[in-house]
Number of protein chains: 2
Amino acid sequence: MDLDLRLVRAFVAVAEEEHVGRAAERLYLSQPGLTKQIRRLEGVLGVRLVERQGRGIRLTPAGEAFVVEARSLLRRAERAVAAARRAARAHGGEVLVGFVPPIPGPVSVRLAELDVPLELRRVDWHRRGELLGGGEIDLCLLPLPIGPGPFRHIVLWREPRVAGFPTRHRLAGRSELSIDELAEEPIVDLPTHREYWCVDPRPDGRSPRYGPLVHSVEEMLEVVSQGRAMCITSASVAEFYRPPGVVFVPILDIAPAEFAVVWHPDHLTDAAAEVRRRLAPSPETS
Amino acid sequence: MDLDLRLVRAFVAVAEEEHVGRAAERLYLSQPGLTKQIRRLEGVLGVRLVERQGRGIRLTPAGEAFVVEARSLLRRAERAVAAARRAARAHGGEVLVGFVPPIPGPVSVRLAELDVPLELRRVDWHRRGELLGGGEIDLCLLPLPIGPGPFRHIVLWREPRVAGFPTRHRLAGRSELSIDELAEEPIVDLPTHREYWCVDPRPDGRSPRYGPLVHSVEEMLEVVSQGRAMCITSASVAEFYRPPGVVFVPILDIAPAEFAVVWHPDHLTDAAAEVRRRLAPSPETS
DNA sequence: CAGATCCATGCTTCCAGGCTATGGATCGGA
DNA sequence: TCCGATCCATAGCCTGGAAGCATGGATCTG
């Protein structure tokens, strides 16, 4: 009768890894502990979910059916939590503003000048969608582009994009660059929005050469400082981070970086709408 | 981070009762225990959900928002469990048939003659919808009418409806009746489908007089045996139950009782479809 | 066939959660 | 205004169960 969401989480992890040991590691749990959690869950359901399959495990048909519902259930749980927190914030007139660092200085100043009671929270780039969609944050400040979705945004700030090089790179001493000069330079690969940040295709219609795949700004700067690739990023990154062994040079002939405030139209509280208006009186863009 | 569904259940109960003591009783829990569960849930959410309001409690705005999501979350949890069990049954070729007693004898015989591996489960009348809708049972045998919903059904059996009287009632000795003879008799009230089972309106266009409201067959028979009202039910009830102090008399001039097999079109496994076909080769009715 | 890999089981420890008793706050009636 | 009734919150004690460690057993690989 009583389903424990921790067990559901455990099962989903096992189903994804198809390996109890790795899943246990991911959950910061011992392997026997995780095995027993799965057994408990099976006990509650009265159904076998996984079977030993030689080395490793395999989901039973029931497990396959359950994992689908389980994922959706966990999302709903997050949503329920977020709904309660959002209602509490809305009632207190508070606004929770997420941001994907760095925030350009001028935007930061404008934010500080509002006298609305607001809270700031750092948001990982890859979680921005679920946080906004689930209503866990009211607004989010981030660099465009954002992916598809029901979100609305207004651009708050534009600034040049810059190239990042290891210190000893042949172009590291330049004061400005054209994108055409970077045709042969390997560039760090990104999981999303490669077209924009890697400028692919280049003006001549060709694709750049890709280096290692990175999942965060920190990783990207590390890879660059090691000399394994160059990167293209916003001027604010150059200002905000001071990575040793990396120098930045403005690129003159590509579109600027754009920083926007983004929100989910269904979850816009009155206070959040007010903040949004005072940050950007201009009309919204989809 | 980790939401415990038991706490969610506890909170929903408190929200419904607006009274910790009563909710605790309903959950078979001590009052302090329940209070602590609510506090724990509030701790997890980081938000107050209830406030003391003089004698009793009141939901905060966050509580109001959460209770809506919470209910939906609990339903999803039930659905997830049901999905796993159904998949396991489907894989084993098993069929779980619910029934709202009584099952007419001939239907019971037909069911016994199938050599499919099937399991029978008694289902409370008021839970038939959620059980079928959630996929916890594959088919359900029950008396019509069923309420609105996506369900499909085939009538398996028809039989006369009968009036139930206390033994000393003036009509208790009759061998048959017309509905018109019951115009002045108080009849037990039902939460749903009153039109059909209480024959309201009567052929003359008027409504019957209503007696106590009952929620189950057992309650109904008890009320009748106490002489507080009469009832109209199916002949199978007269056969299946033998309540002391109640006698049954057929009513000739109203539509018969109909027993049907019902299913949810989205949750019909192959094996269940086979059982359905062999129970009732006739074409389905919406 | 031996070794490696990986899940299952037995045993022990420890903490979370439940209950009883009691305190504290509010409401209603005299 | 005061007293009693009602109801939620807190404190302290105790038990059940969940987690970890060590080890066994099954399967695959070279």
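Below, read A as the first sequence line, B as the second, and so on, with proteins coming before strands; counting in each chain starts at 1.
Within the structure, a side-chain polar atom (N or O) of A:Thr35 is placed less than 4.0 Å from OP1 or OP2 of C:dA8. Contact between the side-chain N/O atoms of B:Arg52 and the OP1/OP2 oxygens of C:dT26 is not found at any separation under 4.0 Å. For A:Arg40, a side-chain nitrogen or oxygen approaches OP1 or OP2 of D:dA18 to under 4.0 Å.
Separating the CG atom of A:Leu27 from the P atom of D:dA19 is a distance of 11 Å, rounded to the nearest angstrom. In this structure, B:Leu7 places its CG atom 14 Å from P of C:dA16, rounding to the nearest Å. Separating the NE2 atom of A:His19 from the C1' atom of D:dT27 is a distance of 14 Å, rounded to the nearest angstrom. Protein atom CZ of B:Phe11 is 14 Å distant from nucleotide atom P of D:dC8, rounded to whole Å. Atom CD in A:Glu18 sits about 15 Å away from atom C1' in C:dC7, given to the nearest Å. Between the P atom of C:dG17 and the CG atom of B:Leu29 lies a distance of 12 Å, rounded to the nearest Å. At whole-Å resolution of the value, CD in B:Glu51 and P in D:dA9 are 11 Å apart. Whole-Å rounding puts the B:Glu25 CD to C:dG18 C1' distance at 17 Å.
Closest-nucleotide positions on DNA chain C for A:Ile57 and B:Leu34 were compared, and the one nearer the 5' end corresponds to A:Ile57. With the nearest nucleotide of DNA chain D identified for both A:Gln31 and A:Tyr28, A:Tyr28 has the one nearer the 5' end.
Among the nucleotides C:dT20, C:dC7, D:dC8, the one closest to any side-chain atom of B:Pro32 is C:dT20. Checked against D:dC8, C:dC7, C:dC19, the side chain of B:Ser30 finds its nearest nucleotide in C:dC19.
Using the six-membered ring where Trp is involved, A:Phe11 and A:Phe66 have ring planes that are tilted, between 30° and 60° apart.
No hydrogens or angles were tested; on distance alone, nothing pairs the side chain of A:Gln37 with the base of D:dA18 as donor and acceptor under 3.5 Å. For a distance-only test at 3.5 Å, the side chain of A:Lys36 fails to qualify as a donor-acceptor partner of the base of D:dG17.
At a threshold of 4.0 Å, the pair B:Arg194-B:Asp189 counts as salt-bridged, since one of the basic side-chain nitrogens sits closer than that to a carboxylate oxygen. Using a 4.0 Å cut-off between a side-chain N of Lys or Arg and a carboxylate O of Asp or Glu, A:Arg39 and A:Glu42 qualify as a salt bridge.
For A:His19, the NE2 atom counts as densely surrounded, since its 6.0 Å shell holds more than 12 non-hydrogen atoms of other residues, nucleotides or ligands.
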*Would you please test B:Val214 and B:Leu190 for side chain to side chain contact (heavy atoms under 4.5 Å, CB included) and show each step?*
CA-CA 6 Å; B:Val214 300; B:Leu190 302 176; 3.8 Å; yes

